[in-house]
Number of protein chains: 2
Amino acid sequence: MPDLTNRQILLRRRPTGLVLPEDTELVSSPAPEPADGEALVRTTYVGIDAAARTWLNDQPGYLPPVQLGEVIRAAGIGEVVKTRCDAYAVGDVVTTLTGFQEYVIVRDDVFTTPVPGPDVDQLAVMSVYGPTGATAYFGMTGIGRPQPGETVVVSAAGGATGSVAGQIAKIAGARVVGIAGGPEKCRAVVEDFGFDACIDYRAGDLPAALKQHCPRGVDVYFDNVGGPILDAVLGRLAPKARVVLCGVISSYLTGEHPGPANYVNLLSKTALMQGFNALDEWGRFDEAFAALRQWEQQGLLKHRETVYEGIESCVDALNGLFTGANIGKMLVKVGEPG
Amino acid sequence: MPDLTNRQILLRRRPTGLVLPEDTELVSSPAPEPADGEALVRTTYVGIDAAARTWLNDQPGYLPPVQLGEVIRAAGIGEVVKTRCDAYAVGDVVTTLTGFQEYVIVRDDVFTTPVPGPDVDQLAVMSVYGPTGATAYFGMTGIGRPQPGETVVVSAAGGATGSVAGQIAKIAGARVVGIAGGPEKCRAVVEDFGFDACIDYRAGDLPAALKQHCPRGVDVYFDNVGGPILDAVLGRLAPKARVVLCGVISSYLTGEHPGPANYVNLLSKTALMQGFNALDEWGRFDEAFAALRQWEQQGLLKHRETVYEGIESCVDALNGLFTGANIGKMLVKVGEPG
């Protein structure tokens, strides 16, 4: 095998708001050689998640901030090209924290998951039966627990996690109403992902639209956005409602989190609001992947992707998450699968 | 038995803020005669709870608003003086929604509980092993679930519910920090109710005080107040924290509920915040009363009362809840027990 060149995007300056060109640098260097117990993975797709933006801020979280000079952290998928460990063979497809780079060293550690078979549909893994799907699965089934006939609302319903979360609620027999920005996304939420309805929050008067679409209140709210949308849905809770806190995308750029005044409905409706992190359910990922894969193969779980091309597109793709550029999972294709 | 005169306080105008003299009227009329299946109770103590103030607003809740011309609703305790039903004998002591009045008709319905023995300590029932204690019990044991060594924070710690909730957490082996207004209350919280510490929120810089008293974060927060105090404690949550929403006394007068911006810590700490209503646990009240009574008799659960005298003091007592006039349960002694 010839020497491999690894192009990487490093953090040079902490961004405020969207990531500017001066905040990052694209560098090239030889791909590292795996040591004993390691393997080298060639990245095929980098997944673009809102969490990646939070890791650029100098604030504590469930993972430490990316330091200046480090590769920008991101979850992705790739193929083993060299191995010096028993866990992986050359050709294995794995999901791991690839970061914004073309090659990455992996160990058999908590963030690396081999996926079923080398001919797996890598897009489906990134969208449905990988970590994104697991996030939707554990949040919806573990906290939301939708029952047949209940009304479930999902924000960022056109996004990767929201689209899967809503479909899981449909499979559970609930009526599912999405919230998304703009008519094109709302159309995709209903036509592609099979939600019963989708509210365009940009069209104004969200409380009135929620009242119209959720006449008996909201039993489960899967929240990816926070801010005024969370507040509006809290204002419409049904008794014994469950609010699943999955993300706060409305505030990731600014760090500002306006408080939801309607939180008091958690008291008057004896409801709960709970945050979660799919990694806490690591021991049950196989269960989640099996269920998600089965639903996908049965045609019950549809996925779409918005795919940018080339490692140099990673920052544009990340910014695009916050400007609403994606329907379904936002990915950057860094290398050819297979 | 001679004819009985029943003095009642009726709602005449919906108050905004504290209840003004013109908002209510003290009227006298003959006490009603029980019909078949009913009994007449002579009120001994009226319990003064913040919920009573919410029922004066024209807004939906778990009970309907008090209508103009109706007796102001409140939970209390009294003794059966006439009976035409099997459920109660003359001399029985019962807790029920007495309202602000000297006599009340009861049926064997969901809001009426006979208490153990005619010589029971009625103050202890109102403070500990009655509905107030049940509220603390179900909130703390059902949602808070404190573990030995955990840090539990209770707001309105000098009040009826908070003082019991904190002592239940102590019995569970937790370290318990109260929040109360003023040095006298803080002293009572530590010396009378046995909390490990108490923060005087009026002394300023609550976040710094929380950091000092809860160096490893707050595992359980039992919230009676909402507003900036809730927000400050949310800013100090430990991983997997449980926030018990019991009341929003900071906003009952105004109807204003500032949103807690630090709710986002529910996500970063994978914590939960849950409202509850003790009435939902009606089927388990006996269990709660038995546990609370045992703890009280073992000397593990102390109680104090602030007692006003006479039916005409009810409105002052209710207003006093919001100006911080009580330590322990706020009661109005309306008739002589025994």
Side-chain angles (χ1 to χ4, degrees), chain A residues 50-51 54-55 57 59-63 135 138-139 142-143 217 223-228 230-232 234-235 237 239-252 254-281, chain B residues 50-51 54-55 57 59-63 135 138-139 142-143 217 223-228 230-232 234-235 237 239-252 254-281:
Chain A
T54 68
W55 294 328
N57 298 331
Q59 62 191 23
Y62 65 93
L63 290 178
T135 297
F138 291 117
I143 301 173
D223 183 39
N224 292 299
V225 302
L230 169 61
D231 209 15
L234 288 174
L237 292 186
K240 305 285 177 194
R242 290 82 69 196
V243 177
V244 186
L245 294 180
C246 182
V248 194
I249 201 169
S250 68
S251 63
Y252 284 163
T254 61
E256 296 289 321
H257 310 281
N262 286 322
Y263 90 92
V264 293
N265 276 355
L266 297 173
L267 182 54
S268 62
K269 303 294 185 185
T270 63
L272 77 79
M273 180 155 80
Q274 186 167 1
F276 76 106
N277 186 328
L279 292 179
D280 290 340
E281 304 292 340
Chain B
T54 68
W55 294 328
N57 298 332
Q59 63 193 22
Y62 65 94
L63 289 178
T135 297
F138 290 117
I143 300 173
D223 183 40
N224 292 299
V225 302
L230 170 61
D231 209 14
L234 288 175
L237 292 185
K240 306 285 178 195
R242 290 83 68 195
V243 177
V244 186
L245 293 180
C246 183
V248 195
I249 200 168
S250 67
S251 63
Y252 284 163
T254 60
E256 296 290 321
H257 310 281
N262 286 323
Y263 90 92
V264 293
N265 276 356
L266 297 173
L267 182 54
S268 62
K269 303 294 185 185
T270 63
L272 77 79
M273 181 156 78
Q274 185 166 1
F276 76 105
N277 185 326
L279 291 179
D280 291 341
E281 305 292 341

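What you are looking at is a predicted structure, and each value in this text was computed from that prediction instead of being measured. Residue numbers begin at 1 in each chain, while the letters A, B, ... track the order of the sequences.
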So which part of A:Leu230 gets closer than 4.5 Å to some heavy atom of chain B, the side chain, the backbone, both or neither? side chain
For the backbone of A:Ala278 and the side chain of A:Thr135, can you confirm whether one donor and one acceptor N or O come within less than 3.5 Å of each other? no
Quick one: what part of B:Pro258 sits under 4.5 Å from any heavy atom of chain A, side chain, backbone, both or neither? backbone
Short side-chain to backbone donor-acceptor contact, B:Asp223 and B:Gly226, under 3.5 Å: yes
Can you find a side-chain donor-acceptor pair between B:Thr54 and B:Asn57 that sits under 3.5 Å? no
Under 4.5 Å to a heavy atom of chain A? For B:Lys269 that would be neither
A:Asp231 side chain vs A:Ala261 backbone, donor-acceptor pair below 3.5 Å: yes
